[in-house]
Every structure is written in structure tokens, then in C-alpha cells.
Number of protein chains: 2
Amino acid sequence: MKPSVVTIEPNGHFCSDCAVRGSAVCSSLDAAELKEFEHLGRRVHFSSGETVFSEEDITTSFYNVLEGVMRLYKLLPDGRRQIVGFALPGDFLGMNLSGRHNFSADAIGAVTVCQFAKAPFGRFIEDRPQLLRRINELAIRELSQARDHMVLLGRRSADEKVAAFLLGWRERLLALKGPSDTVPLPMSRQDIADYLGLTIETVSRTFTKLERHGAIEIIHGGISLLDPARVEALAAA
Amino acid sequence: MKPSVVTIEPNGHFCSDCAVRGSAVCSSLDAAELKEFEHLGRRVHFSSGETVFSEEDITTSFYNVLEGVMRLYKLLPDGRRQIVGFALPGDFLGMNLSGRHNFSADAIGAVTVCQFAKAPFGRFIEDRPQLLRRINELAIRELSQARDHMVLLGRRSADEKVAAFLLGWRERLLALKGPSDTVPLPMSRQDIADYLGLTIETVSRTFTKLERHGAIEIIHGGISLLDPARVEALAAA
DNA sequence: GGCCAAAATTGATCTGGGTCAACCGCGTTT
DNA sequence: AAACGCGGTTGACCCAGATCAATTTTGGCC
């Protein structure tokens, strides 16, 4: 992706009516703190395919996803890619020890983030253990997800991977958009393949197989879960 | 493994001369805090193969590994196992959100841990943001390792997996035992296979292949890196 | 030492998913 | 509307690693 020309809203946004107010890092802050916090972040927009940060970049900012979906991935020198996760509104990105991001992040479709410069954010945390605790919670949640994903990558068959992915993705959207058997899939087949450790052909074939068996219906921009129980059985867990 | 009969040293240990004093969670505490901290933990021994905690258990304790090696793993209902990591002295276990461990932990050989009851430990952290920050650091480091491992599981060949494992394991031991081309492997071939998402036969064959090519020598309880550069080239990153 | 069980190695064969290649559908450009 | 490009699907074939099946080696334990 080409270097992005980002649009920065100069000001005029308020944390208090932010869409992710309840679920993001800032959920640990009270009204007074929020007022102060407001000055630290700035909304930044990225359009489809733009890279928000790269693996080898020195970390200068933290990011709070407000809208849209991002793919988080690592590349091997020869170009093989592993997507380590998809980021959704409420997710917090940029934590690391080395001072460098250890994965890259691209926008899938239009994305809005709340960007914080590293230093002032660090200072703000300093005397607010509540916020640190919240960040720790998010890290631990991600760690748990990462371990689940290791099981999927190391020990599950292609069918199980795809079924587990569909259910897991639906589950994540549930918190954001409410329950639905229609599961939008904004990412490409290649993204799904790189997330599951498969090839694009295998993902495609598995989708059509699920459809032939009446478990799902492939619709434009996503799938419809016709038989959730069947898909759950396939996911085998 | 059968329910363990653990040996508890009644008292008489001191954090100040603990082997992992410098690297573990407690590295964030000063001398005075350490004095208080000392009363919270108790040393517990486990012998080879004993289970320290299980995936579905409710978390009642945190653990700081003092001596030995543990395998951390998740099981699928049908018995397939994925080892999500090996714990070494200095590693901190038990953090979670759900109130349940999300993986199981067995001793590989004799293990000593410093065990903390959840509630008092939580209270101790309460007004010690330094300790919380340290725990956060450890979580972030693990997260980074978890992502690397996802790349390995999803996108690397068997040869690359084995080579990367040997180098990674040597790297971890470096911090504990100093540099060496002799790499002890206390875990079984089955453990290695379940860590790499392979079968025991493939691990065994890959070892012998590496030996035939003169890259390593298989010795009792481990391997010797005869040609580190060759192994690094095989690991392909 | 000799015996047994578990761990590791090795060989033969099979197969799930990868690779290579053709093709389809659809939105965009000219 | 023809031509193009791109994401996705489908088919034919192949191979890395799994599976199945013997051995061989190792490690307690009387």
C-alpha cells in the first residue's frame, strides 16, 4: 500500500459521546479525567488498504480503533503472511516493549482511529493505575485469544478452521452490532486464508462445501448462517 | 496426571536471595516492599509430570516459576493438544480475565514455583502501580511471543518449525544459563511436536535429517548445535 | 545384570490441503 | 459495449507431512 495521506480532524470531537466510550481503554476514566484525556487523542481517518503502521516502525503512537476493521499481520522475508488478528472498534493497538510495533496494521475499508502520541499518553497513565489496569485487561484478553488461535493454527483441520472463524467473527460482531445470523465479511478471501493458515483456494472450496451442505449461504460481502448448530459441530470445540 | 501431593516449605525462604529476583515480577519491588511481599508467596514443589493447574480450573493462585520447566497447553475435546508455550524460571502464570485459567500447566521434570493466593496478591498490587506495570510488561512480552508463534504455526514448513524451535529455545536458555551451543531439551518429542503443530514422527525425522546434514548432533537429553548458521538459514527468519 | 514399559526412531503408505491453471462474474475504463 | 482487471471459484494433479506399523533405544526397578 502507498504511503497514506491521512485526514486529521483538527478538533471538535468529544470523548463523552464517542462510540467506543464504554468498551475501549477510556472506559476506566471518570468524567473529569475524560475531559483531560480528550486533548491527548486526535481522530485520524484511513481509507481502504492504507497501512496504519508497519512491523518494523518505531512506535510513536497508540491507537484506539473507533470505526472500521483492520488486519494485523506479520510477514516472513519471502512474503508469506500470517494475519495475527483483526482489530475492531474498541481495540487498543500499539503496546510493545521493544519500542517497535511487532506487527503491521492495514485498514480494511474505511477506518477511524483515535491516535495518541506515545509520550503524553505515557505521562497520562503514570498516575492513573485504573487506566493501566484497563490496558492490562485488554492485553490479557488478547493473550487468551492468541492462545486460542494457536490451537486453531496448529491442531485444527481446514473445515474446523473455517467453521471456527465464522463463529468467532460472528461472536465478535455480536458485541458491536447485536445478534445476527448474517455475518458480514469485510476482509478478502486472501485475508481469511492468511488468518487461518490456509490458501485462498482451500478457503473458497470450504465455503462452497458448507454452502452445498446447507450450513451457510454465501452472500455478497459475507455469509448467512443457515444452520448455526451444524457449523458449531464442524468447529469441534 | 494424577492429583498431586505437593510439598510445601513451611517458611524460611527469602525473596532477597531468590534465583529469579532480577527477572521475575518481583524485580519491580524495592527492598522494603520485598520484605512484605515475602509473606505472600510460598514455595511449592512439583515433580515430573504433575499438573500445576488445569484449563478449566477456577483461578485461586498466581505462580512465579523459580526452577524447572513447565509445558502450557490447551486440549481439544477429542484429545488433540496444542502446547502454547514452555514456562521457565522468572515466568509469571495465572493472569486471566474470566476467573479461570485458560490453559493447563504441567511440570516437565522437577519444578519449584512461588505460589500466591489470588486475593492477597490482588490487594498487594492495588497500591503498587510499579508491580502492575511489571505484570503488564510480562503480558506484552508474552503477547509478542504468541504472535511469533502464530506465524510459525500457520506459515512455516516442518523444517523451519524445528529449526526455529531449536534456536528459540537456545535463546531463552541463554538468559538463564549463559551462551552455549549445547541445547538441553527436557521436554519429550511429543511435547515438541505439540508445540510445533506437527507429529512426533515428523519431529524425529527432522532431527535425524538435521543430524545427517551435520547441522546438529543429537545427544542425550538435548542437541548440540554444530552449525548454528546452517540452522538459522533453515529457520528462514 | 535382566526385565519391562515408555520413548524414540525408521520405514511404507496414504491423504488433506497445496500448487498450478483455467475460468467466471462484475465493476471500471475507454 | 468492448476490453480490462481483479477477486473469487473450480478442476486436475502433486507432495509435505500424517498415519500405520514395526523395530530399536532408553530408563527405571528388582
Side-chain angles (χ1 to χ4, degrees), chain A residues 1 48-49 71 76 78-82 106 108-109 152-166 184-213 216-223 234 236, chain B residues 1-2 47-49 71 76 78-83 106 108-110 152-166 184-213 216-223 234 236:
Chain A
M1 283 301 116
S48 193
R71 59 173 162 257
L76 289 175
D78 64 2
R80 280 174 288 177
R81 184 177 70 159
Q82 177 65 47
D106 293 346
I108 295 176
L152 179 142
L153 290 171
R155 287 298 181 222
R156 295 176 108 106
S157 70
D159 288 1
E160 291 170 343
K161 285 177 176 185
V162 170
F165 165 69
L166 292 176
L185 298 174
M187 70 291 284
S188 69
R189 293 289 189 269
Q190 186 63 65
D191 287 340
I192 297 174
D194 287 347
Y195 181 65
L196 299 177
L198 298 171
T199 59
I200 187 173
E201 292 94 332
T202 300
V203 171
S204 185
R205 276 188 254 270
T206 307
F207 271 30
T208 36
K209 186 162 73 174
L210 286 173
E211 189 171 44
R212 264 202 314 274
H213 293 13
I216 67 169
E217 190 188 356
I218 300 170
I219 57 179
H220 179 74
I223 62 103
L234 269 173
Chain B
M1 285 303 116
K2 11 194 62 170
S47 46
S48 193
R71 58 173 162 258
L76 289 175
D78 64 3
R80 280 174 289 176
R81 183 177 72 157
Q82 176 64 46
I83 291 187
D106 293 346
I108 295 176
L152 179 142
L153 290 170
R155 287 296 181 223
R156 293 172 109 104
S157 71
D159 289 0
E160 290 169 344
K161 285 177 176 182
V162 170
F165 164 69
L166 292 176
L185 298 174
M187 69 291 285
S188 70
R189 294 288 189 270
Q190 186 64 66
D191 288 340
I192 297 174
D194 286 348
Y195 181 65
L196 299 177
L198 297 171
T199 60
I200 188 173
E201 293 93 334
T202 300
V203 171
S204 185
R205 276 188 253 270
T206 307
F207 271 28
T208 35
K209 185 161 74 172
L210 286 173
E211 189 171 44
R212 264 203 312 275
H213 293 15
I216 66 169
E217 190 189 353
I218 300 171
I219 58 178
H220 177 75
I223 61 104
L234 269 172

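Just so we're on the same page: letters track the sequence lines, and every chain starts at 1.
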Item to check | Qualifying residues under side-chain hydrogen bond (donor to acceptor under 3.5 Å, both in side chains), relative to A:T202, sequence neighbours excluded | outcome: A:T199

How long is the line joining [atom1] of [X] and [atom2] of [N], in whole Å?
{"X": "B:L210", "N": "C:dA8", "atom1": "CG", "atom2": "C1'", "value": "16 Å"}
{"X": "A:I218", "N": "D:dG8", "atom1": "CD1", "atom2": "C1'", "value": "10 Å"}
{"X": "A:I200", "N": "C:dC20", "atom1": "CD1", "atom2": "C1'", "value": "14 Å"}
{"X": "A:K209", "N": "D:dT10", "atom1": "NZ", "atom2": "P", "value": "13 Å"}
{"X": "A:K161", "N": "C:dG16", "atom1": "NZ", "atom2": "P", "value": "14 Å"}

Checklist entry - If we fit an axis to the first five pairs and another to the last five of the helix from C:dG1-D:dC30 to C:dT30-D:dA1, what angle do they make, to the nearest 10°? => result 40°

Checklist entry - Which of residues 184-196 of chain B sit near DNA chain D, with a heavy atom under 4.0 Å from it? => result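 Within this stretch, nothing sits under 4.0 Å of the strand.
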
Next on the checklist: Once side chain to side chain contact (heavy atoms under 4.5 Å, CB included) is applied, do any residues pair with B:I200, and if so which ones, sequence neighbours excluded?
Outcome noted: B:R189, B:Q190

Checklist entry - Of all residues at least two apart in sequence or in a different chain, which pass the side chain to side chain contact (heavy atoms under 4.5 Å, CB included) check with B:E217? => result B:E211, B:I219, B:S224, B:L226

Next on the checklist: side chain to side chain contact (heavy atoms under 4.5 Å, CB included) for B:K209 and B:D159? Distances and angles first, verdict last.
Outcome noted: CA-CA 9 Å; B:K209 185 161 74 172; B:D159 289 0; 2.9 Å; yes

Checklist entry - For D:dT10, does either OP1 or OP2 sit under 4.0 Å from a side-chain N or O belonging to A:T208? => result yes

Item to check | Test log, rule side chain to side chain contact (heavy atoms under 4.5 Å, CB included), inputs A:L185 and A:F165 | outcome: CA-CA 11 Å; A:L185 298 174; A:F165 165 69; 4.0 Å; yes

Checklist entry - A:L198 versus A:T206: any side-chain heavy-atom pair under 4.5 Å? => result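 No, side chains not in contact.
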
Under the salt bridge (Lys or Arg N to Asp or Glu O under 4.0 Å) rule, collect the residues that match up with [X], sequence neighbours excluded.
{"X": "A:R80", "result": "A:D78, B:E160"}
{"X": "B:R205", "result": "none"}
{"X": "A:R155", "result": "B:D194"}

Checklist outcome for this item: Value for CG (B:L196) from CZ (B:R156), rounded to nearest 0.5 Å, stands at 11.0 Å

Next on the checklist: Using side chain to side chain contact (heavy atoms under 4.5 Å, CB included), reason through A:Y195 and A:V203 one step at a time and then give a plain yes or no.
Outcome noted: CA-CA 11 Å; A:Y195 181 65; A:V203 171; over 6 Å; no

Checklist entry - Could you write nucleotides 11-30 of chain D as a row of B, S and -, 5' to 3', where a protein heavy atom under 4.0 Å of any base atom gives B, of only sugar-phosphate atoms gives S, and otherwise -? => result BB----SSBBB-----S---

